[in-house]
Amino acid sequence: MQELLEGLTEAQREAVEHVDGPLLIIAGPGSGKTRVVTHRIAHLLARGVHPRGIVALTFTNKSAEEMSRRVRQLAPNQAVWMGTFHRFGAQLLRRFAALVGLAENYSILDVEDSRSVLKRAVDESGHELLYVTPGQIAHAIGEAKSRVISPDQYQPRAGDPHGAIVRDVYPRYQALLRETNAVDFDDLLMLPACMLRDHPELRSQLDRQYTHIMVDEYQDTNLAQYAIVRALSCELPNLAVTGDPDQSIYGWRGATINNILQFENDYEDVRTVKLEQNYRSTRSILRVADELIAHNRYRKPKRLLTDNPEGSRVRLVCYGDQRDEARQIAARIANDLEDAKHRPEEVAIFYRVNALSRSLEMALAAEGVPFQIVHGVEFYQRKEVKDLLAYLHLLNNPRNDTALLRVINSPPRGIGERTVQRLIDHGRQRRLSLLDACREAGAIEKLKGRAAVAVARFVHLIDSLSIHVHRPVEEILGRVVVESGYKQHLESSTREEDQDRIANVDELLSAAREFDEQHADSQLDSFLEQAALVNDVDEWDSGSGRVTLMTLHAAKGLEFDCVYIVGVEQGLLPHERSREELEIEEERRLLFVGITRARHDLQLSYVLRRATRGSMRSVISSPFLVELPRDEMDVHVPPGTYNYADTTASCEAPPGGDWDEYNQLDHQLDEVAEFEQPARDVNDDVPPPDAAPATAVQSAAEMLGETPCAPEPAAPPEAFEHGMMVRHPEYGHGAIIALSGSGLKRQATVRFLGPAGTRTFRLAKSALQPVKGKVR
DNA sequence: ATTCGCAAAGTTTTT
DNA sequence: CTTTGCGAAT
């Protein structure tokens, strides 16, 4: 037990040794929080606490995995439950589904499917959505759920223009979910919270079962999460929460910073431990972070302390436009990698919105810098993957109408819109699930001949697949792929994108195989649960030898030697949709989170003009930049624009006012942009950016000053990696933006620098060549 | 029933 | 500039 305490500071040790009673750990960035939490779990185990009594709730699967890995090192063979709140909720729900009107094989709908259920609910309600989008309704319902307000309790707020509609739609939506034995993401928190509230004996039983509960990132929990934790720590309030109010960045999702601010009032005899010492970042980085966050008014003052060295100055750089920004950052990174100043996996670029990644991708590819993007159109969102998962959902939960609607005619089997509508009508009349309605297709008045036969065959397909639902997931999925005709449909297609899809199907199959291997008692429902709850950051690979691109939100909890934060501009950071003071403060925290991810090197940048929606617009730098200690920083800003944020922050968009002054400012910017190529100061050995406009570029090879060369012998498919720079004899240079499949079927999607755009190749057959090192 | 083409619209962050 | 949605043609 002693070795668990070795090398810990007094504060850390106090937290680790705490066993019973409520514990609040205020952990600033880089304060060794994960270490404290994992050591505390090991300590609890060493003190004889039963592993099954311990639950550690985290924000992402990734951090749960990391925590789990580290606990295993300290205390091997002790199975402590660690996972996200949503997963915890999902499993509680599975155990006690009947209490909230569900069956244990319920389905978890993703955002897209939830939306389609919502649309049906809106249709049924008879409301015409004139002044409100489905998205706004969805948001209102989500907000209610995050506050544990069930449909019958819902009361619109005074003056809420959409309140009346939401009041009608929400119950219908929830009823549809229940009828189809399905839940949305928010239900994974709300329903367990309701369950615990409405069933005291169950609450008490679980309260005793989970003797020691730990919650990470407590500043980002919402009311539903609060209710769950609260319910499980009444009789045994052995609850330890960790968090940092300054890193609360999910207010928009219903998280309430009050949970952590009020913790000491919520529980009796709270022990509070503050971890303020920072072991991560240099002094110069921490001073920047410190000064920034000090501008938040709704905050308890807190300093960042460190014994770390001063380090190099934080850079603040202004570029002409986002292309300059991307190219020069990429060039700088390429140089640093070449000089072995950093390893690629220790470099990250953060941005406020995903849309900003594109120019960076291109520039990094052009420099031959390997990278990975933690981003959007993920695997599980693709049509073919969703289709196949929908088959599995339907097999697992035959009442899942949403899944049925997805697959009933994909691949096409002659069941059209009208037929589907008749099935829906029939099902509604007889209060049947759609699958059961399909079973009666022959008896439906208007369904005769072809359509009825097609429906009957579909029912037969599902029934024959159903026989195998208890087999390993890979086998079930394999049958689906073949017997549904999905595979054949793709293979007979001549379209290029369908070739990609085949590769994705293969990848899903291997994911299923992997799941089977990891889970001895492999269950279809837990596979589907996992598929529903994985996210972008989970896919992120920290040891990949690649530079990381991600949003500031995704960066929470991570750290890198070298960090670039781009687009630090008015309207982007703070985002234009954040207008109220509290929202602005959240944006400031977001930048704070980004800054404190960096260990040694940090650069913030903005541009003078940015192309948004096709056209160039002048940009105002972020007002946050004014709050930084710029005299301690390495500032590379063209003369005249230095104080731009100071002078114009108050006069954005003159409302019917002084256009002359406004245009003048704009003009000033033009001059400055031409006058200076600011990054030359930053990076003397980088040549000035290519003066030729992009439209003049004939081919990637030409742009890179090379003549296209003859095909070389093919490289083995395994030699290719995501983010890798490649060359094609016909299309020139490009970056691999997606990989799928394996062996002879391994495919790469390449985004070319020239006019060739994005193309996909079968690696075994293509003439693609990896490009080593930097492209000159 | 499917496919193709054009037009319009839209851009925060995510479990 | 990109993606989504709808409408017309086959």
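For clarity, every value in this text was computed on a predicted model and none was experimentally measured.
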- Task: Kindly confirm or rule out a cation-pi arrangement of A:Arg94 over A:Tyr106, judged by NZ or CZ under 6.0 Å from the six-membered ring centre and within 45° of its axis?
- Result: yes

- Does NZ or CZ of A:Arg253 lie under 6.0 Å from the centre of the six-membered ring of A:Tyr250, at an angle within 45° of the ring axis? yes

Nearest whole angstrom, please: distance from the [atom2] of [N] to the [atom1] of [X].
X	N	atom1	atom2	answer
A:Glu112	B:dT14	CD	P	17 Å
A:Asn354	C:dT2	CG	P	16 Å
A:Leu189	B:dT14	CG	C1'	13 Å
A:Arg588	B:dT13	CZ	C1'	18 Å
A:Leu92	B:dT15	CG	P	20 Å
A:Asp113	B:dT15	CG	P	17 Å
A:His575	B:dT11	NE2	C1'	7 Å
A:Arg617	B:dG10	CZ	C1'	15 Å

- Taking the six-membered ring for Trp, does A:Trp252 stack with B:dT13 (centroid gap under 5.5 Å, planes within less than 30°)? yes

- Message: By nearest heavy atom, map A:Leu590 and A:Ile415 onto DNA chain B; which one lands nearer the 5' end?
- Response: A:Ile415

- Query: Closer to the 5' end of DNA chain B via nearest nucleotide, is it A:Val353 or A:Gly414?
  - Reply: A:Gly414

- Message: Considering every strand and a 4.0 Å limit on heavy-atom distances, what is the contact class for A:Tyr250: base, sugar-phosphate, or nothing?
- Response: sugar-phosphate

- Task: Pick base, sugar-phosphate or nothing for A:Asn409, based on heavy-atom distances below 4.0 Å to the nucleic acid.
- Result: sugar-phosphate

- Task: Give a yes/no on whether any side-chain N or O of A:Thr551 is located under 4.0 angstrom from OP1 or OP2 of B:dT14.
- Result: yes

- Item | Phosphate OP1/OP2 of B:dT15: any A:Asn61 side-chain N/O under 4.0 Å | no

Selection from [options] that lies nearest to any side-chain heavy atom of [X]:
X	options	value
A:Arg358	B:dT13, C:dT2, B:dT15	C:dT2
A:His553	B:dT2, B:dT15, B:dT14	B:dT14
A:Thr84	B:dT15, B:dT13, B:dT14	B:dT15
A:Phe185	C:dT2, B:dT15, B:dT14	B:dT15
A:Pro412	B:dT15, B:dT2, B:dT13	B:dT2

- Looking just at side-chain N and O atoms, do A:Gln322 and A:Ser359 make a donor-acceptor pair shorter than 3.5 Å? no

- Note on the structure: Test side-chain hydrogen bond (donor to acceptor under 3.5 Å, both in side chains), reference A:Ser107, set A:Thr402, A:Asn397, A:Asp525, output is A:Asn397

- Query: Taking A:Asp220 for the side chain and A:Ile249 for the main chain, is one N or O donor matched with an acceptor at less than 3.5 Å?
  - Reply: yes

